[in-house]
Protein chains: 2
Amino acid sequence: MKMHSPPHPGEVLKELCLEPLELSVTRAAEALGVSRKTLSAILNGRAGISPEMALRLSQAFGTSAESWLNQQMQYDLWVTEQTVGKLDVEKLSAA
Amino acid sequence: MKMHSPPHPGEVLKELCLEPLELSVTRAAEALGVSRKTLSAILNGRAGISPEMALRLSQAFGTSAESWLNQQMQYDLWVTEQTVGKLDVEKLSAA
DNA sequence: CCTGATTGTAACCTATTACGTTACAGGTTA
DNA sequence: TAACCTGTAACGTAATAGGTTACAATCAGG
């Protein structure tokens, strides 16, 4: 039913965390304790948010790690739904 | 704050889905369209629930894919919290 | 006792992904 | 021009989901 893509967590991170604080990618990566490449990949949607990265974000920005992983989960699920074709699954329960 | 482990999703799958329907591992793997090894690994906590597997479970048992991924996320986060030491993260926001 | 079914798991393979360092090219700005 | 930020390619490591095949252990029926 859901048709359009949930936002990639990297977009949210950029718009809600980096831009309001006027943080450069280089500076933010430094603060998070990861390489500039790693953060850049996330911001540009070429990598997801790992549990460890979620912890880093929560410590740096005072947000919850769950919220980041939740967004990532929604995004991954949407991508998978769009990607995989019909799965050959047999219905098992009555409901 | 949280101290004890959230249940591994494999336990939940076994107790809430397989056992009530008296499904064997072999039979359930067949129905899900995956190898017996793959399902066994999940049931015994040696593999996590991937987005595709969550879709298979939702189709087989009439549950939501999100609920499975949510459990997996909680579990992964807990494991990561227990595993990684102090992360060298600089606090960035005021809150 | 033998047979068949079920199970966990090891050994091997592939594909993907997060992360790192180094290096380059393009842009902006003082 | 020089200093900085940026995306990204090229190389590496480690982890993980998935597959097939094969083996040993358990348990139920004949």
Side-chain angles (χ1 to χ4, degrees), chain A residues 8-11 13-15 17-19 21-58 60 65 68-69 71-73 75-85 87-89 92, chain B residues 8-11 13-15 17-19 21-58 60 65 68-69 71-73 75-85 87-89 92:
Chain A
H8 186 283
E11 288 180 42
L13 178 58
K14 181 192 282 184
E15 293 169 14
C17 299
L18 300 205
E19 289 177 353
L21 297 175
E22 286 179 322
L23 287 166
S24 73
V25 177
T26 303
R27 175 76 190 90
E30 213 173 83
L32 288 167
V34 300
S35 73
R36 181 171 65 85
K37 180 197 166 167
T38 295
L39 180 56
S40 175
I42 291 173
L43 292 175
N44 291 286
R46 292 183 1 264
I49 298 199
S50 65
E52 182 177 322
M53 183 60 69
L55 286 179
R56 291 182 188 273
L57 293 175
S58 78
W68 292 110
L69 291 179
Q71 289 179 58
Q72 187 63 51
M73 185 257 277
Y75 183 78
D76 289 344
L77 184 54
W78 182 84
V79 170
T80 302
E81 280 168 353
Q82 307 301 312
T83 300
V84 305
L87 297 173
D88 197 32
V89 176
L92 284 174
Chain B
H8 187 283
E11 288 179 41
L13 179 57
K14 182 193 279 183
E15 292 169 15
C17 299
L18 301 205
E19 289 177 353
L21 297 176
E22 288 180 320
L23 287 166
S24 73
V25 177
T26 303
R27 175 75 189 89
E30 213 172 83
L32 288 166
V34 299
S35 73
R36 182 170 66 85
K37 179 198 166 168
T38 295
L39 182 56
S40 175
I42 291 172
L43 293 175
N44 291 287
R46 294 186 354 266
I49 297 198
S50 65
E52 182 176 322
M53 183 61 69
L55 285 179
R56 291 182 188 273
L57 292 175
S58 78
W68 292 110
L69 291 179
Q71 289 179 58
Q72 187 63 52
M73 186 257 278
Y75 183 78
D76 288 344
L77 184 55
W78 183 84
V79 169
T80 301
E81 280 167 352
Q82 307 302 311
T83 299
V84 305
L87 297 173
D88 196 32
V89 176
L92 285 174

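In what follows, every chain begins at residue 1, and chains take the letters A, B, ... in the order their sequences are listed.
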Could you encode protein contacts along nucleotides 11-30 of chain C as a string, one character per nucleotide from 5' to 3', using B for base contact, S for sugar-phosphate-only contact and - for no contact, with a heavy-atom cut-off of under 4.0 Å?
BB-----SSBB-B-------
How many whole angstroms separate atom NZ of B/Lys14 from atom C1' of C/dT6?
13 Å
Quickly work out the A/Leu23 CG to D/dC5 P distance and round it to whole Å.
12 Å
Interatomic distance where CG belongs to B/Leu69 and C1' belongs to D/dA17 [whole Å]:
14 Å
For D/dT6, does either OP1 or OP2 sit under 4.0 Å from a side-chain N or O belonging to A/Ser24?
yes
Criterion side-chain contact (heavy atoms from CB on, under 4.5 Å) on B/Thr38 and B/Leu32, from CA distance to verdict
CA-CA 10 Å; B/Thr38 295; B/Leu32 288 166; over 6 Å; no
Can you check side-chain contact (heavy atoms from CB on, under 4.5 Å) on B/Trp68 and B/Gln72, steps first, answer last?
CA-CA 6 Å; B/Trp68 292 110; B/Gln72 187 63 52; over 6 Å; no
Is there a side-chain contact between B/Val89 and A/Leu55, using heavy atoms and a 4.5 Å cut-off?
no
What is the separation between atom CG on B/Leu57 and atom P on D/dA17, rounded to the nearest whole Å?
14 Å
Round to the nearest Å and state the distance from B/His8 atom NE2 to D/dT16 atom P.
11 Å
Check this for me, if you would: do A/Glu11 and A/Lys14 make a salt bridge, where the nitrogen-to-carboxylate-oxygen distance has to be below 4.0 angstrom?
no
Per atom distances to the B/Thr26 side chain, the nearest of C/dT7, C/dG8, D/dC5 is C/dT7
Full working for side-chain contact (heavy atoms from CB on, under 4.5 Å) between A/Leu69 and A/Met73
CA-CA 6 Å; A/Leu69 291 179; A/Met73 185 257 277; over 6 Å; no
Whole-Å gap separating C1' (C/dT7) and CG (B/Leu18):
13 Å
Please check this pair: side chain of B/Ser40 against backbone of B/Lys37, looking for a donor-acceptor N/O pair closer than 3.5 Å.
no
